[in-house]
Each structure stands twice: as structure tokens, then as C-alpha cells.
Amino acid sequence: MAKTKFDIDDPAVDRDLYSGLMRLHILHHAAEGPIFGLGMLEELARHGYRISPGTLYPLLHGLEKKGYIKARELRNGRSLRKVYRATPLGRKALAAAKGKVREFIGELFEGK
């Protein structure tokens with residue numbers, strides 16, 4: 001999805017700025033249980049991340065390529081759904097990221 005002039009001028013909707021947070025959010029949910037694309041689109045939208053499947057699926061594939069999540073296909077009657085779960089490496093990366101996020105948040109809001 002191409003950025004519009006509005007997107008470029010409004011840091012609140014700058015996908016590049018928030019892409020790392022979205023990846024962590026996805027990994028967090030994949031560590032809690034199986035996730036799937038549409039479900040994550042809805043979850044991210046609940047938190048203000050309005051993204052398209054064309055943005056989400058490259059994030060999922062990138063996490064999978066790094067070995068942080070693993071996909072498998074589930075058949076429900078005629079439909080086939082790809083679900084993702086965090087791998088042991090993904091859980092380890094998430095734990096490390098939590099420490100970094102805690103440190104960053106403390107610095108970001110220091111004195112408040």
C-alpha cells in the first residue's frame with residue numbers, strides 16, 4: 001500500500017515508524033497461541049494499526065524467514081487457513097525484546 005501525502009505528513013500513521021511494534025505485537029500473540037492473518041489484521045486494527053493484507057503478510061513472512069514463527073495449514077471443510085505459532089527462537093527473541101522495550105519505555109517517559 002503506497003503512502004499518501006496524508007500518511008507522510010502525519011507521524012501518527014507512519015507505518016515505517018511503527019513496523020517494529022507491529023512485529024512485536026504479532027510475535028507476542030503468536031507466542032500466546034495460534035494466529036492467522038485476518039485475526040491479526042483485526043487485532044492490530046483494535047490498537048490503531050490500520051494495515052492491509054499487503055502489509056501484514058510480508059511482516060508474517062519476514063518473521064517466518066527469521067525463524068521466529070512457523071506456519072502450518074489447517075483445513076476446515078473446504079477452506080484452508082494458514083496459522084502461525086511462535087518458535088522457541090521466536091520466544092527467546094520476544095523475551096529479549098521485552099527487556100529492550102522496558103528500557104526504552106523507561107527512557108521515553110523518564111521524569112513523567
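Since the model is a prediction, treat every value here as computed from it, not as a measurement.
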Engineer: What residues form a side-chain contact (heavy atoms from CB on, under 4.5 Å) with Pro53, not counting sequence neighbours?
Structural biologist: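 In terms of side-chain contact (heavy atoms from CB on, under 4.5 Å), with neighbours along the sequence ignored, Pro53 is linked to Leu41, Tyr57.
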Engineer: Output the distance between atom CE (Met40) and atom CG (Leu60), rounded to the nearest 0.5 Å.
Structural biologist: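 Those atoms lie 7.5 Å apart.
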Engineer: Tell me the salt bridge (Lys or Arg N to Asp or Glu O under 4.0 Å) pairs involving residues 25-42, sequence neighbours left out?
Structural biologist: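 Those involving residues 25-42 do not exist here.
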Engineer: With sequence neighbours left out, write down each residue that passes ring pair (Phe, Tyr, Trp, His ring centres under 6.0 Å) with His61, or none if nothing qualifies.
Structural biologist: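 With sequence neighbours excluded, His61 shows a ring pair (Phe, Tyr, Trp, His ring centres under 6.0 Å) to no residue whatsoever.
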Engineer: May I have the list of side-chain donor-acceptor pairs in residues 99-108 shorter than 3.5 Å, sequence neighbours left out?
Structural biologist:
none

Engineer: Return the set of residues passing ring pair (Phe, Tyr, Trp, His ring centres under 6.0 Å) with His25 (not counting sequence neighbours), or none when no residue passes.
Structural biologist: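 Ring pair (Phe, Tyr, Trp, His ring centres under 6.0 Å) check on His25 returns His29, His47.
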Engineer: Looking at every heavy atom in both Leu94 and His28, which two are closest together, and how far apart are they?
Structural biologist: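 Scanning both residues completely, I find the closest heavy atoms to be CD2-CA, 3.7 Å.
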Engineer: Would you mind writing out the side-chain donor-acceptor pairs for residues 79-93 within the sub-3.5 Å range, not counting sequence neighbours?
Structural biologist:
unit_1	atom_1	unit_2	atom_2	d
Ser79	OG	Asn76	O	3.0
Thr87	OG1	Gly67	O	2.4
Thr87	OG1	Tyr68	O	3.3
Thr87	OG1	Leu89	N	3.4
Thr87	OG1	Gly90	N	3.0
Arg91	NH1	Ala31	O	2.9
Arg91	NH2	Ala31	O	3.3

Engineer: Using the test side-chain hydrogen bond (donor to acceptor under 3.5 Å, both in side chains), find all partners of Arg46 that sit at least two apart in sequence or belong to another chain.
Structural biologist: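 Glu43.
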Engineer: I need the minimum non-hydrogen distance between Leu63 and Arg23, along with the two atoms involved.
Structural biologist: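 So the minimum-distance heavy-atom pair works out to CD1-O, 4.0 Å.
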Engineer: Which distance, rounded to the nearest 0.5 Å, do you find between the CD1 of Ile26 and the CD1 of Ile35?
Structural biologist: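 If I round to the nearest 0.5 Å, the distance is 6.0 Å.
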